[in-house]
Amino acid sequence: KAGVTQTPRYLIKTRGQQVTLSCSPISGHRSVSWYQQTPGQGLQFLFEYFSETQRNKGNFPGRFSGRQFSNSRSEMNVSTLELGDSALYLCASSLGGATTEAFFGQGTRLTVV
Amino acid sequence: SQQGEEDPQALSIQEGENATMNCSYKTSINNLQWYRQNSGRGLVHLILIRSNEREKHSGRLRVTLDTSKKSSSLLITASRAADTASYFCATDNNAGNMLTFGGGTRLMVKP
């Protein structure tokens, strides 16, 4: 069974630009969550999508958005990039019910210059 | 914001020794999961323990959960150099894939 696939693996963007990251979950998983990891703040939850609906949302500004498609693939978008958005962005997929394991992709490392 | 604290923040041991990491959290939970991360790469799922379980084993891993103290521990027995990584606990207190992570423990196992 293929794992969680995130693309691209690395990105360099300029301040003010926007970026779209992609996540393909494990086959059969309907829940996709996104996390931001930085040295200063650690791992922080961004949002979760389940069956194309945002089910949970973390405490991030509206510049961070996401969506999920009917095949459970998900994208997250960050608009008007700031230097502080430089981070490792991780996607996790799960079956979506309570008490189920979440499996992570390798992440997309975004650098904003 | 992070759910809790992990202790210690860093741990250095010799190959063959046991490593114990602790995690505390603040709110009630459905389950607690432990993950490993190598050098800023993706998180590898190690073990999940449900709120009604007290102990769980998986290979060289032993996890305990004390909901009255809101704490968990991860024991790695007979450690190997390949166990060198950061270890995170994550809690789920909601029906959904929404995890709250601790700050992590950086484990170094010296050959």
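Quick note on labels: first sequence line is chain A, next is B, and so on, each numbered from 1.
There is a path of hydrophobic side-chain contacts, each under 4.5 Å, that joins B:Leu74 to B:Ile13. A:Phe50 and A:Phe45 fall into different hydrophobic clusters, defined by Ile, Leu, Val, Met, Phe, Trp and Tyr side-chain heavy atoms under 4.5 Å apart, directly or through other members. In this structure, B:Ile76 is a member of the same hydrophobic cluster as B:Ile47, with clusters built from ILVMFWY side-chain heavy atoms closer than 4.5 Å. Both A:Leu83 and A:Leu21 are part of a single hydrophobic cluster, where members link through side-chain heavy atoms under 4.5 Å apart. Under the 4.5 Å side-chain contact rule for hydrophobic residues, A:Leu110 and A:Phe60 share a cluster.
Closest approach of B:Gln37 and A:Leu88 over heavy atoms only: NE2-CD2, 3.8 Å.
If you look at A:Tyr35 and B:Phe101, their ring centroids are closer than 6.0 Å.
The NE2 atom of B:His45 lies 6.0 Å from the CZ atom of A:Phe103; values are rounded to the nearest 0.5 Å. Here the CG-CD distance, from B:Leu99 to A:Glu101, works out to 11.0 Å after rounding to the nearest 0.5 Å. Atom OG of A:Ser31 is separated from atom CE of B:Met98 by 11.5 Å, given to the nearest 0.5 angstrom.
Listed options A:Gly105, A:Gly107, A:Ala102 were ranked by heavy-atom pairs under 4.5 angstrom with chain B; first place goes to A:Ala102. Ranked by non-hydrogen atom pairs under 4.5 Å with chain B, the options A:Gln106, A:Gln6, A:Arg9 are led by A:Gln106.
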Full working for side-chain contact (heavy atoms from CB on, under 4.5 Å) between B:Leu43 and A:Leu43: CA-CA 11 Å; B:Leu43 296 167; A:Leu43 279 152; 4.0 Å; yes

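Counted within 6.0 Å of CZ on B:Arg41, heavy atoms from surrounding residues, nucleotides or ligands total 12 or fewer; the atom is thus considered open. By the 6.0 Å contact criterion, CD on B:Gln9 is open, its count of non-hydrogen atoms from other residues, nucleotides or ligands being 12 or less.
The backbone N or O of A:Phe104 lies less than 3.5 Å from no partner atom in the side chain of B:Tyr35, so there is not a single donor-acceptor pair.
Only the side chain of A:Gln37 comes within less than 4.5 Å of a heavy atom of chain B; its backbone N, CA, C and O stay farther away.
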